[in-house]
K.L.:
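Okay, here's the structure, questions in a sec.
This one's a predicted model, so the numbers in the text were calculated from it and none came from an experiment.
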Amino acid sequence: MAIAIRWVNHASFVFECGDVRLLTDPWLFGSAFHNGWDLLCKTHFDVSEFADISHIWFSHEHPDHFSPPVLKEIPEEIRSGITVIFQETDDKKVVSYCMALGFTVQELANHGWYELTPECRVMCGKVPFFDSWLLLEAIHSSEEMIRILNANDCVVDGEAIASDIFNYTGTVDLLLTQFSYAIWEGNPDEVERRRASAAEKLERVRLQIETFQPAYTIPFASFIYFSHEENFYCNDSINTVRDAHSFIRQETASQPVVLYPEERWVVGSIHESEASLQKYDQDYDLGKKPLRKSEPVAVDQLALHAQDYIERMTDKNSPLLIRIMSMPVFGYFQTLKFYLTDLRKTVEFDMRDGLQMKSKSDDESKSEMSESHIMLSSESLAYIFQNDWGFDTLTVNGRFQASQANYKRMMKALFLGPLNNTGRYLRPKTFFEPAFILRALSKLRKLG
């Protein structure tokens, strides 16, 4: 029974093991992160091919891994024959969504084995914050055990977390891991910051290879480009898959394997990546890629969205704690001044007064633009107010500009939505939850 990988796109592949056809993180088409990302190359996996899939695993809820538009495209008569496997969560959002669409669903206990067949089993492990890895273990045709670790974009950025995962996985035969940055890394002129981030991602690859000692490594989960006219500059320092391939080959003891959509590789067989690399070289000609544009949202409509946001936040969270944390000594929920790049207007927002027009003429707005805390489109601001995950999406898609100090100010003013989106709330007991404490410490460390 040969164990094979059929490549789909980005972080998606089909793991073939006997009767098992396990598909990971199927994002096949369309944009992600509010029109901020697009796939680097075309997917050739058609939705009709889901008829051959036995299982789907989602690593986490981000739209480049868990894509509702893709799931809705799967014919209804096929869905019941597919088992979705997903980490256990408190909010059950992903599980409930998939069940409502007609999929069979199996939640995976943290660090527990789940048998797919007598010859094949998987283990899912959680990492901060709400991502997960998957260990696939199967008996190969030679009766030897093959172990594959899908680390996707889990943040394995230090020896402590790498060692913690290793305690459950041990050494593996094949590692799949992210190879480039995929969040906002500064304004257009901060090129060195993005170069440093790209280099740091390759160092993470090195750390994982040194820890898990895979014979083979597939660089993946970075086959995207920043595809909006507001964030296209973010592509200037990304690692290409050729960069990752060269780094793994030259700097580690693992053999890199690069696969192009529709390519199939039997794990452990001889593989030559150059043909795939040449195809990707053409895909990285980003100047030929289409760019997405914003649709303006009127200021009066923004004000309504802002008011809805305030009511939603005060309903889900403790108004008393919001007021206390708004005090200058704590520095949360301070007034934010936004320059709306598409409307050429400046507005102010806080949890007490909502959204207020600051500039009433173009001349006034031009003079205030340099004093604003954040520059973004009205569409992006509306998205933040309309969706609990909106601010997190903005930090990923990079459709804004801000100094580091003002980015910190914005995060401290708008963190409630992302907090609530993960099933946690600003209430007295929240401060004693381990996950909240870990997330808060991590955010503070990154903000410096």
Side-chain angles (χ1 to χ4, degrees), residues 27 29-39 61-64 67-69 182-188 224-235 286 289-313 335-351 354-362 364-366 368-369 372-403 406-407 409-411 413-418 420-421:
W27 172 36
F29 53 77
S31 67
F33 294 108
H34 192 214
N35 292 327
W37 291 10
D38 273 87
L39 290 162
E61 202 176 331
H62 280 169
D64 62 317
S67 175
I183 58 173
W184 177 76
E185 288 288 2
N187 300 326
I224 62 98
Y225 70 103
F226 294 88
S227 57
H228 199 282
E229 60 182 6
E230 297 165 5
N231 67 6
F232 186 73
Y233 73 89
C234 296
N235 296 303
L286 301 183
K289 302 289 188 185
L291 294 182
R292 298 181 182 272
K293 301 180 183 294
S294 296
E295 292 293 332
V297 179
V299 173
D300 57 350
Q301 189 63 46
L302 279 175
L304 293 176
H305 292 321
Q307 190 57 42
D308 289 342
Y309 171 85
I310 292 171
E311 292 175 2
R312 192 167 74 249
M313 294 302 103
T335 299
L336 295 175
K337 184 183 292 186
F338 295 100
Y339 178 73
L340 305 177
T341 54
D342 51 342
L343 301 184
R344 298 182 181 179
K345 302 291 183 185
T346 301
V347 295
E348 289 185 349
F349 170 79
D350 60 44
M351 292 290 288
L355 189 83
Q356 305 290 326
M357 175 74 80
K358 180 65 176 175
S359 57
K360 298 181 180 179
S361 69
D362 286 346
E364 287 177 318
S365 186
K366 288 177 182 178
E368 292 169 350
M369 181 172 60
S372 64
H373 299 127
I374 303 99
M375 296 175 58
L376 79 176
S377 67
S378 59
E379 181 185 65
S380 287
L381 186 56
Y383 193 83
I384 292 173
F385 291 144
Q386 290 177 293
N387 303 284
D388 285 356
W389 60 84
F391 178 66
D392 264 356
T393 294
L394 186 74
T395 65
V396 173
N397 70 27
R399 290 178 51 188
F400 71 100
Q401 294 183 41
S403 68
N406 285 330
Y407 174 67
R409 181 188 184 102
M410 179 168 58
M411 178 172 286
L414 298 173
F415 78 94
L416 282 182
N420 295 170
N421 187 52

K.L.:
Which heavy atom of R409 sits nearest to which heavy atom of T335, and what is that distance?
P.N.:
NH2-O, 2.8 Å
K.L.:
Verify the distance criterion only: is there a donor paired with an acceptor across the side chains of S378 and D342 at less than 3.5 Å?
P.N.:
yes
K.L.:
Contact between R344 and Y339 at the side-chain level, heavy atoms closer than 4.5 Å - yes or no?
P.N.:
yes
K.L.:
Are the side chains of L304 and Q307 in contact, using a 4.5 Å heavy-atom criterion?
P.N.:
no
K.L.:
Side chains of N397 and T393: any donor to acceptor distance under 3.5 Å?
P.N.:
no
K.L.:
What are the two closest non-hydrogen atoms of L416 and M351, and how far apart are they?
P.N.:
CD1-CE, 4.4 Å
K.L.:
Would you say T341 and E230 are linked by a side-chain donor-acceptor pair, where the criterion is simply a distance under 3.5 Å?
P.N.:
no
K.L.:
Got a second to check how far M411's CE is from F391's CZ, nearest 0.5 Å?
P.N.:
4.5 Å
K.L.:
State, to 0.1 Å, how close A402 and I374 come at their nearest heavy-atom pair, and which atoms those are.
P.N.:
CB-CG1, 4.2 Å
K.L.:
Report yes if the side chains of H62 and D392 come closer than 4.5 Å at any heavy-atom pair, otherwise no.
P.N.:
no
K.L.:
CD1 of I183 to CD of E185: how many Å apart, nearest 0.5 Å?
P.N.:
4.5 Å
K.L.:
Do W27 and P63 have side chains that approach each other closer than 4.5 Å (heavy atoms only, starting at C-beta)?
P.N.:
no
K.L.:
Measuring from Y225:OH to N235:CG, what's the distance to the nearest 0.5 Å?
P.N.:
8.5 Å
K.L.:
Taking the six-membered ring for Trp, are Y309 and F349 parallel (under 30°), tilted (30 to 60°) or perpendicular (over 60°)?
P.N.:
perpendicular
K.L.:
Does the side chain of M410 come within less than 4.5 Å of F400's, by heavy atoms?
P.N.:
yes
K.L.:
Using modelled atom types only, decide if a donor and an acceptor are shared between the side chain of D38 and the backbone of F226 within a distance under 3.5 Å.
P.N.:
no
K.L.:
Nearest 0.5 Å, what's the CG-OG1 distance between L340 and T346?
P.N.:
7.0 Å
K.L.:
In Å, rounded to the nearest 0.5 Å, how long is the span from CD of E61 to CG of N421?
P.N.:
6.0 Å
K.L.:
Atom CG of N35 and atom CD of E229: how far apart are they, to the nearest 0.5 Å?
P.N.:
11.0 Å
K.L.:
Side-chain contact test, heavy atoms from C-beta onward, threshold under 4.5 Å: evaluate it for L302 versus L381 and give yes or no.
P.N.:
yes
K.L.:
Could you work out, with ring-ring contact (aromatic ring centres under 6.0 Å, His included) as the rule, every residue matching H305, not counting sequence neighbours?
P.N.:
none
K.L.:
State, yes or no, whether a side-chain contact exists between R399 and F33 at a heavy-atom distance under 4.5 Å.
P.N.:
no
K.L.:
With a 3.5 Å distance limit and no angle check, can you tell me whether E379 reaches the backbone of E295 through a side-chain donor-acceptor pair?
P.N.:
yes
K.L.:
For the residue pair L394 and L414, establish whether any side-chain heavy-atom pair is separated by less than 4.5 Å.
P.N.:
no
K.L.:
Do side-chain atoms of S372 reach the backbone of M375 as a donor and acceptor pair under 3.5 angstrom?
P.N.:
no
K.L.:
What's the shortest heavy-atom distance between N231 and S227, and which atoms?
P.N.:
OD1-N, 3.5 Å
K.L.:
Work out which heavy atom in A382 is nearest to a heavy atom in V297; give both atom names and the distance.
P.N.:
CB-CG2, 4.1 Å
K.L.:
If I compare all heavy atoms of G30 with all of R292, which pair ends up nearest, and what's the gap?
P.N.:
C-NH2, 4.4 Å
